[in-house]
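Values reported hereafter were calculated over all heavy atoms of this structure, with side chains retained and with hydrogens, waters and symmetry mates removed. The sequence lines fix the lettering, A, B, ..., with proteins before strands; numbering per chain opens at 1.
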Number of protein chains: 2
Amino acid sequence: MANSIMDPTDDFVRFPLTGRFLAGRLRHDMSEAEKQKLESLVTETRTLIDGELLVRRGDPCVNTTMLIDGFMLRTLENSERRHAVSFHVPGDFVDLHSFPLGRLDHNIECVGAARVGFVPHALIQEIVNEHPHLARLFWFSTLLDAAMHREWIMTLGQLPVPKRIAHVFAEIWARLDMVGRAFVDGFQTPLRQIDIADMCGATPVHVNRALMQLRKDGIADFRRGEVRVANRAVLESFAEFDPTYLYGSHAEAPVTLRQATR
Amino acid sequence: MANSIMDPTDDFVRFPLTGRFLAGRLRHDMSEAEKQKLESLVTETRTLIDGELLVRRGDPCVNTTMLIDGFMLRTLENSERRHAVSFHVPGDFVDLHSFPLGRLDHNIECVGAARVGFVPHALIQEIVNEHPHLARLFWFSTLLDAAMHREWIMTLGQLPVPKRIAHVFAEIWARLDMVGRAFVDGFQTPLRQIDIADMCGATPVHVNRALMQLRKDGIADFRRGEVRVANRAVLESFAEFDPTYLYGSHAEAPVTLRQATR
DNA sequence: CGCATCCTTGAGGGCCATCAAAATGCGTGG
DNA sequence: CCACGCATTTTGATGGCCCTCAAGGATGCG
């Protein structure tokens, strides 16, 4: 194990650009050299404003983007209406899919201000050619997105809107936790009610009513900019949230990956 | 370009186990050597029966499975109810996600009989270490699943059930087309109405009514075992189906991948 | 302090779920 | 070849979740 004695939050300081990548997942499988290599890939950083489009569906991509700070959505559009298919928190390679795919089938947009770092595809290609273990971690990180997509599919297909919202809250919270950006009793988020509506396949009006219900029932209190939760277990059980699909390190880690570490 | 003059269906004959892998997508980027290498990875084949579970959620995986013939579903379960998050057609690596992830967050089950071929993870690891271009195609194929997941999310979030069903039909048809398994006026499928219900997040009763409506409106005629469509354009426009998310070769191909071919 | 954006509230209607039961199709065995 | 049993499909009636349309209130920024 690479860093079992080290406090994981050290990486947030030592690697200000990429220190949250796979934190709480397989980051403990990264060697010191790999962490440094990854940090060195970021050639340029930029600050984006609320609503800015980082990638537009179909555009050819030559960079991949590490989200350093902020919150982003992957969105699709269909007949005049936007739908958010997933979100991103600091430490995510928000558009790494574009490397194997060449172009993206969706938009990536900011919610609130964000700071990002760019990694040219050519450098990713180098990693693939010369650092198979790191490449496999990149692959892993894109498949986390796929696993989260699957959970969203089930959520949309089976749960009524109040539970979908609660599920979204539970997932955001769990993911922020892994990258050290949550509170004990909730989290901050730049999401507006209309964003939640687009994530849940519901109308803003209905989301508003559902949020009031969640507040009244003591499940979650969403206000502009933050979510407060009195009892996390209540939220998660109401949402039927089971975090195993996030592949956190507390769950069983991939056996073969561990073997391959060194 | 590796095989621009060759009829793609030749591969179906020359490589009976893996000849449909990425057919209609990036298979034209595979060199002859890569195709042979891939074919050689399959160490064992098996025939599965209707309803058989190939992989159970959470089980550790040491193999990856090529679907040679048949039809499979990825399913999740939530509070007593099954939900299908995607399906597979011949040529798909149905559980390649398990290689980077180590275990799967979902079940993979047969609908109808299926023939599959197994590839040990150890051989995939060899490919990753020594054949970066082929490895990148593997990565690509798993991200196709992610792209399809995203489309399903939007479909579930935005379309009423009749259009969801039509969308599922359109996707199945398009994917079977790419692997040479469709008819000019439709396709065969072992799906039952209850499977369609689980794919669309609806009840079997409602699916039944929606199917009758689609039949009456001349959009699609589903009967046990097959779907017949009078006018494909009508089906696809009704379903708001845009096949770009399938990354077929007719669409713009990934630029960087082409450069990396040789 | 004015305007834009976001949130909140109300009324009416449609899609889809639930419950219940009948009909059809299909493989099996008498 | 027909009878039987089971899975699947079809049909009917009722109700709830969530949508649509509409307008009023709050919040924040220049």
Atom [atom1] of [X] and atom [atom2] of [N]: how far apart are they, to the nearest Å?
X         : N       : atom1 : atom2 : result
His83(B)  : dA17(C) : NE2   : C1'   : 16 Å
Gln213(A) : dC18(D) : CD    : C1'   : 14 Å
His206(B) : dA17(C) : NE2   : P     : 6 Å
Arg192(B) : dT8(D)  : CZ    : P     : 5 Å
Asp221(A) : dC7(C)  : CG    : P     : 14 Å
Arg224(A) : dT5(C)  : CZ    : P     : 12 Å
Leu156(A) : dC18(D) : CG    : C1'   : 14 Å
Glu80(A)  : dT20(D) : CD    : P     : 13 Å

Among all residues two or more places apart in sequence or in another chain, which pass the salt bridge (charged side-chain N to carboxylate O under 4.0 Å, His left out) test with [X]?
X         : value
Glu226(A) : Arg228(A)
Arg81(B)  : none
Arg46(B)  : Glu52(B)
Glu151(A) : none

**Request:** Indicate, with a heavy-atom threshold strictly under 4.0 Å, whether Gly201(B) touches base, sugar-phosphate, or nothing.
**Result:**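 Result for Gly201(B) = sugar-phosphate.
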
**Asked** Contact class for Ala202(B) vs. all strands (heavy atom < 4.0 Å): base, sugar-phosphate, or nothing?
**Response**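 Here Ala202(B) touches the backbone only, sparing every base.
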
**Request:** Sort and list the pairs that fulfil ring-ring contact (aromatic ring centres under 6.0 Å, His included) and have at least one residue in residues 190-239 of chain A, not counting sequence neighbours.
**Result:**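 For residues 190-239 of chain A, and leaving out neighbouring residues, the ring-ring contact (aromatic ring centres under 6.0 Å, His included) pairs sorted by first residue read Phe169(A)-Phe222(A).
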
**Request:** Could you identify which residues of residues 157-172 of chain A place a heavy atom less than 4.0 Å from some atom of DNA chain D, listed by residue number, or say none?
**Result:**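 Those residues are Pro160(A), Val161(A), Pro162(A).
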
**Request:** Applying side chain to side chain donor-acceptor pair (under 3.5 Å), name anything that partners Asp217(A), two or more places apart in sequence or on another chain.
**Result:**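 Expected list: Gln213(A).
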
**Message:** For Thr65(A), give me all partners under side chain to side chain contact (heavy atoms under 4.5 Å, CB included), at least two apart in sequence or on another chain.
**Reply:**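 Side chain to side chain contact (heavy atoms under 4.5 Å, CB included) check on Thr65(A) returns Leu54(A), Val94(A), Asp95(A), Val116(A), Phe118(A).
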
**Among Phe241(B), Tyr245(B), Tyr247(B), side chain to side chain contact (heavy atoms under 4.5 Å, CB included) partner for Pro243(B)** =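 It is Phe241(B), the one option of Phe241(B), Tyr245(B), Tyr247(B) that forms the side chain to side chain contact (heavy atoms under 4.5 Å, CB included) with Pro243(B).
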
**Asked** Out of Val55(A), Asn107(A), Asp105(A), Asp145(A), which residue meets the side chain to side chain contact (heavy atoms under 4.5 Å, CB included) rule with Arg74(A)?
**Response**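 So, applying the side chain to side chain contact (heavy atoms under 4.5 Å, CB included) to Arg74(A) and each of Val55(A), Asn107(A), Asp105(A), Asp145(A), only Asp145(A) qualifies.
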
Where do N or O atoms of nucleotides 10-16 of chain D meet protein N or O atoms at under 3.5 Å, pair by pair?
from: dT10(D); atom 1: OP2; to: Gln193(B); atom 2: NE2; distance (Å): 2.6
from: dT10(D); atom 1: OP2; to: Asn208(B); atom 2: ND2; distance (Å): 2.3
from: dT10(D); atom 1: O5'; to: Asn208(B); atom 2: ND2; distance (Å): 3.1
from: dG12(D); atom 1: N7; to: Arg209(B); atom 2: NH1; distance (Å): 3.2
from: dG12(D); atom 1: O6; to: Arg209(B); atom 2: NH2; distance (Å): 3.2
from: dA13(D); atom 1: N6; to: Arg209(B); atom 2: NH2; distance (Å): 3.3

**Request:** Report the C-alpha separation of Phe21(B) and Ser141(B) in whole Å, then their side-chain angles, then the decisive distance to 0.1 Å, and conclude whether the side chain to side chain contact (heavy atoms under 4.5 Å, CB included) test is met.
**Result:** CA-CA 9 Å; Phe21(B) 178 66; Ser141(B) 82; 3.8 Å; yes

**Message:** Can you work out whether Arg81(A) or Asp50(B) has the more 5'-proximal nearest nucleotide on DNA chain D?
**Reply:**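 First, find each residue's nearest nucleotide; the 5'-ward one identifies Asp50(B).
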
**Request:** Give the angle between the helix axes at the two ends of the helix from dT8(C)-dA23(D) to dG30(C)-dC1(D), taking five base pairs at each end and rounding to 10°.
**Result:**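 About 50° separates the two local helix axes.
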
**Asked** Would one find a side-chain N or O of Thr203(A) under 4.0 angstrom from OP1 or OP2 of dC19(D)?
**Response**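 True: Thr203(A) side-chain N/O within range (under 4.0 Å) of dC19(D) OP1/OP2.
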
**Item:** salt bridge (Lys or Arg N to Asp or Glu O under 4.0 Å) pairs, two or more places apart, involving residues 54-63 of chain A
**Value:**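 Qualifying pairs: Arg57(A)-Asp242(B).
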
Cut-off 3.5 Å, no hydrogens considered: what does the side-chain donor-acceptor table look like for residues 194-201 of chain A, sequence neighbours left out?
from: Asp195(A); atom 1: OD1; to: Arg82(A); atom 2: NH2; distance (Å): 2.7
from: Asp195(A); atom 1: OD1; to: Arg192(A); atom 2: NH2; distance (Å): 3.4
from: Asp195(A); atom 1: OD2; to: Arg192(A); atom 2: N; distance (Å): 2.9
from: Asp195(A); atom 1: OD2; to: Arg192(A); atom 2: NE; distance (Å): 3.0
from: Asp195(A); atom 1: OD2; to: Arg192(A); atom 2: NH2; distance (Å): 3.3
from: Asp198(A); atom 1: OD2; to: Arg82(A); atom 2: NE; distance (Å): 2.7
from: Asp198(A); atom 1: OD2; to: Arg82(A); atom 2: NH2; distance (Å): 2.8

